[in-house]
Amino acid sequence: MCKVPTQRFFAEKWGVSLSMEPNFETGSCQLRFGVEPVELEDDLTIPSGCLGRCPSMLGASDLDDDSDELC
């Protein structure tokens, strides 16, 4: 489950705020319903370059994709 597209889906389709907090060590996510997500540029839970490889985020030209770190 990709963080940003999932948060957008809940907001746009159902009008529900969702903040996802991924744990890349365990591969799990904490879903916090009713909580507004942090702005993308302020979100410290997303590793550098991660969203540039997310198929749901392709075309987002303002994202940093200079990292070799995998999500």
Side-chain angles (χ1 to χ4, degrees):
M1 187 169 16
C2 197
K3 175 182 172 79
V4 175
T6 302
Q7 291 176 156
R8 275 192 200 139
F9 174 80
F10 275 86
E12 292 173 4
K13 297 292 182 184
W14 294 326
V16 175
S17 298
L18 169 66
S19 177
M20 291 178 61
E21 297 176 7
N23 182 326
F24 292 102
E25 291 179 22
T26 65
S28 65
C29 277
Q30 180 178 13
L31 305 177
R32 298 174 54 206
F33 293 94
V35 177
E36 290 293 327
V38 177
E39 292 294 325
L40 184 58
E41 55 274 355
D42 298 328
D43 194 340
L44 301 177
T45 68
I46 300 174
S48 176
C50 176
L51 293 177
R53 290 183 295 277
C54 176
S56 299
M57 291 295 293
L58 289 177
S61 60
D62 58 337
L63 298 175
D64 176 23
D65 193 25
D66 61 2
S67 172
D68 291 330
E69 182 177 3
L70 296 177
C71 301

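Only this structure's heavy atoms are used, side chains among them; waters, hydrogens and symmetry mates stay out.
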Can you measure from [atom1] ([X]) to [atom2] ([Y]) and round to the nearest 0.5 angstrom?
| X | Y | atom1 | atom2 | answer |
| --- | --- | --- | --- | --- |
| Met20 | Cys2 | CE | SG | 8.0 Å |
| Gln30 | Ser19 | CD | OG | 8.5 Å |
| Lys3 | Glu21 | NZ | CD | 7.0 Å |
| Gln7 | Leu40 | CD | CG | 9.0 Å |

Treating Ile, Leu, Val, Met, Phe, Trp and Tyr as nodes and any side-chain heavy-atom pair under 4.5 angstrom as an edge, say whether [X] and [Y] lie in one connected cluster.
| X | Y | result |
| --- | --- | --- |
| Trp14 | Val35 | no |
| Val38 | Val4 | no |
| Phe9 | Val16 | yes |

inquiry  = Give me the atom names and distance for the closest heavy-atom approach of Cys29 to Pro22.
reply    = SG-CA, 3.7 Å
request  = Could you list the residues that satisfy side-chain hydrogen bond (donor to acceptor under 3.5 Å, both in side chains) with Thr6, not counting sequence neighbours?
outcome  =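 side-chain hydrogen bond (donor to acceptor under 3.5 Å, both in side chains) check on Thr6 returns nothing, list empty.
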